[in-house]
Amino acid sequence: MMLSHPAAKYRPFSPVRLTDRQWPDRAIERAPVWMTTDLRDGNQALFEPMDVARKMRMFHALCAIGFKEIEIGFPAASQTEFDFVRHLIEGGHIPPDVTIEVLTQARDEIIIRTLEALKGARRAIVHVYNATSPTFREVVFGMTQPEIVKLASSAVARIRQLADAMPDTEIVLEYSPETFSATELEFACEVCDVVTATWGATPENKVILNLPATVELATPNHYADQIEWMHRHLARRDSVILSLHPHNDRGTGVAAAELGLMAGADRIEGCLFGNGERTGNVDLVTLALNLYTQGVSPGLDFSDIDTVARTFEQCTGMPIHPRHPYAGDLVFTAFSGSHQDAIRKGFAVQKPGAPWALPYLTIDPADIGRNYDSVIRVNSQSGKGGIAWLLQTRYGIAMPRRLQVEFSREVQHETEASGEMSAEAIWRLFSRTYFEPQSPVRYVEHHLREQGSQQGIELTVDVDGERRTLAGQGNGPIDAAVHALRQADIAVQVRSFGEQSISASQSGEAQACAFLELAGAGGGSSRYGVGVDENIVTASIRALVSGVNRLGAEAREKRLA
């Protein structure tokens, strides 16, 4: 069935009349004040809300990340919520530099209960809200605009009265015109101005005015226009902390938050990994690390993102998607061959201390505690670049390009049958392909001798199980060994030769690695041999024997075909 025509059912929001908007020309140059609502908005969105033990674990994790404002619950909603607030205060669990926040509706009995929960706290934010949009005024509450204004002002006056009776606790007011993004701007501004006047806001005693996209209804630029309009028109702007609480109904919560900061906001409310009602609150992890990648310190510690992610999953029971920005298990993983090749080349030229500029990776995984093992993972779609990078970074083997092409075919054949291969599995396949003794020829030993201007060799090999000692001479050890093998009717030509050292950290002791590309005496297709030994000559002869066996195996396959 086709979707109905949208014009018959849905209407776009009218644009904000802001012809001289300034936010498009601005950049975010400093981090906002962060407020996490994981223990309130995030918790109420869970199928199974956190118990006290999990809430405590989450609270301590949020403190460790560096959040200085933490909304801990809705104490009037239940005895469990009330008791948790009391547990934090009476147990001395709140660090001196952390301010707790609690939510209350604009109802007298709920406000009284909320303030009771805060007795003994050093400092607390009381967050009061009431809905202001036409749909809520008319459909949900049946109230006029003046009645909405009176509800807000009466609630604030009551909080002010109760706060004055608690001289040992500093009470900070936060007010949210719930459903702000669907409210007429002039009316939203009127309500907010009445709130700041009722509270007696001053530059020394600021009110937090939180402008939520309770439901995300329009494009992020529309929200930014709304925020800039309010930023310009609010009375007592120097006595206001302008806060945002974007939701993610359209999937653009992070973009709306970023543009809202550019439009004049000072503070952001949200949850780790975008948890929250319906499609969730703005994702504070993504938002903070987006700032980080633009050279702005977020003031939050995500240097061990895996621990943060696992703590979140264990406390909430909600999995983090493997493609979640920054924290997902696969976000630094490339399976595509072209991606792997670009990343490998990027790592090769990236200098320590230089600005980060790696293909496909917007952030250095090491900055958030991820290692490079998972950056490139190999499956049937992978190319030679990724395989080469894994062997080089994990095992010190820097393959020549044509060897990369050759071995990638072996890996692809294996992954088509078995799926993804780990670095360890790739190394085992490489060893089995190039290092392990293969019939018909096995290297045993060799002895070099000078023969005038040429190099002589006495080469001992097993050929089809028979031990033979072969003699040859040439312009070097490899050439001499090639000539010696002709005594066993093994005729090959060397097309290319390369060598490298394998660091001690990779193999336990320094070793030499040799690569020989061989073809039959009559030409034709080539195959690589690889040899490793403490001695470079021995490694080269092992590589020669390895290549001989691979050429022989290819010839046998052709005969059988």
Side-chain angles (χ1 to χ4, degrees), residues 384 387-411 426-449 454-463 470-486 488 490-521 525-554:
K384 59 187 181 299
I387 298 163
W389 188 84
L390 285 174
L391 286 179
Q392 182 172 354
T393 56
R394 292 290 295 276
Y395 300 100
I397 302 292
M399 294 188 291
R401 184 172 180 81
R402 287 194 296 277
L403 176 56
Q404 294 177 28
V405 174
E406 178 183 297
F407 183 56
S408 69
R409 290 194 290 265
E410 302 286 339
V411 174
I426 293 171
W427 174 249
R428 288 194 297 270
L429 178 62
F430 187 85
S431 300
R432 189 166 68 246
T433 303
Y434 295 103
F435 294 158
E436 293 182 0
Q438 302 176 51
S439 60
V441 185
R442 291 182 58 197
Y443 168 81
V444 179
E445 63 178 3
H446 76 277
H447 299 282
L448 298 177
R449 61 181 184 274
Q454 290 200 311
Q455 176 73 67
I457 192 171
E458 187 177 274
L459 175 64
T460 302
V461 292
D462 287 343
V463 181
L470 313 171
Q473 61 184 39
N475 56 20
I478 298 174
D479 191 38
V482 168
H483 282 87
L485 287 172
R486 289 177 181 173
I490 300 171
V492 295
Q493 57 176 297
V494 177
R495 288 190 172 175
S496 67
F497 169 74
E499 62 181 64
Q500 66 166 102
S501 62
I502 303 175
S503 67
S505 62
Q506 296 289 344
S507 61
E509 57 184 23
Q511 291 187 303
C513 182
F515 309 98
L516 264 73
E517 185 181 14
L518 303 180
S525 62
S526 64
R527 282 291 181 272
Y528 263 91
V530 184
V532 173
D533 196 87
E534 295 178 10
N535 181 278
I536 183 57
V537 173
T538 305
S540 301
I541 296 172
R542 287 184 180 278
L544 173 63
V545 173
S546 167
V548 163
N549 283 313
R550 285 187 52 71
L551 279 174
E554 180 187 32

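Small disclaimer: the values here were computed from a predicted structure and weren't measured. Computed from heavy atoms alone, side chains included, the values below leave out hydrogens, waters and symmetry copies.
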Locate the shortest heavy-atom distance separating [X] from [Y]; write the atom from each residue and the value.
X: Ala484; Y: Gly472; answer: CB-N, 3.7 Å
X: Val532; Y: Gln511; answer: CG1-OE1, 3.4 Å
X: Ile536; Y: Cys513; answer: CD1-O, 4.5 Å
X: Val441; Y: Ile490; answer: CG2-CD1, 3.6 Å
X: Ala543; Y: Gly531; answer: CB-N, 3.4 Å

Quick one: does [X]'s side chain get under 4.5 Å of [Y]'s, heavy atoms only?
X: Leu391; Y: Ile426; value: yes
X: Tyr395; Y: Ile502; value: no
X: Arg542; Y: Asp533; value: yes
X: Arg527; Y: Leu518; value: no
X: Tyr528; Y: Pro400; value: yes
X: Asp479; Y: His483; value: yes

Under a 3.5 Å threshold, yes or no: a donor from one side chain and an acceptor from the other, between Gln473 and Gln454?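 Their side chains do contain a donor-acceptor pair, which is all the 3.5 Å distance test asks for.
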Check whether the side chains of Glu410 and Thr433 place a donor and an acceptor atom closer than 3.5 Å, and report yes or no.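 No donor-acceptor contact under 3.5 Å links the two side chains.
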Report the distance from atom [atom1] of [X] to atom [atom2] of [Y], rounding to the nearest 0.5 Å.
X: Trp427; Y: Arg432; atom1: CH2; atom2: CZ; value: 13.0 Å
X: Gln493; Y: Ser526; atom1: CD; atom2: OG; value: 9.5 Å
X: Leu516; Y: Arg495; atom1: CG; atom2: CZ; value: 13.0 Å
X: Gln404; Y: Gln392; atom1: CD; atom2: CD; value: 8.5 Å

Counting the benzene-type ring for Trp, do Phe430 and Phe435 have ring centres under 6.0 Å apart?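 Under 6.0 Å, so yes.
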I'd like to know whether the aromatic ring centres of Phe497 and Phe515 sit less than 6.0 Å apart in this structure.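 They do not qualify: ring centres at least 6.0 Å apart.
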In terms of side-chain geometry, is the basic nitrogen of Arg550 or Glu406 positioned less than 4.0 Å from the acidic oxygen of its partner?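 Counted as a salt bridge, because a side-chain N and a carboxylate O are separated by less than 4.0 Å.
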Side chain to side chain contact (heavy atoms under 4.5 Å, CB included) partners for Ala471, two or more places apart: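 Ala471 satisfies side chain to side chain contact (heavy atoms under 4.5 Å, CB included) with Arg449, Gln487 once adjacent residues are dropped.
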Side chain to side chain contact (heavy atoms under 4.5 Å, CB included) partners of His446, counting only residues at least two apart: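 With sequence neighbours excluded, His446 shows a side chain to side chain contact (heavy atoms under 4.5 Å, CB included) to Tyr443, Leu448, Ile457, Leu459, Val537, Thr538, Ile541, given in chain and number order.
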Donor-acceptor contact below 3.5 Å, side chain Gln500 vs main chain Ala512: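 Checked: no pair found.
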With sequence neighbours left out, write down each residue that passes side chain to side chain donor-acceptor pair (under 3.5 Å) with Glu499, or none if nothing qualifies.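 Glu499 satisfies side chain to side chain donor-acceptor pair (under 3.5 Å) with no residue once adjacent residues are dropped.
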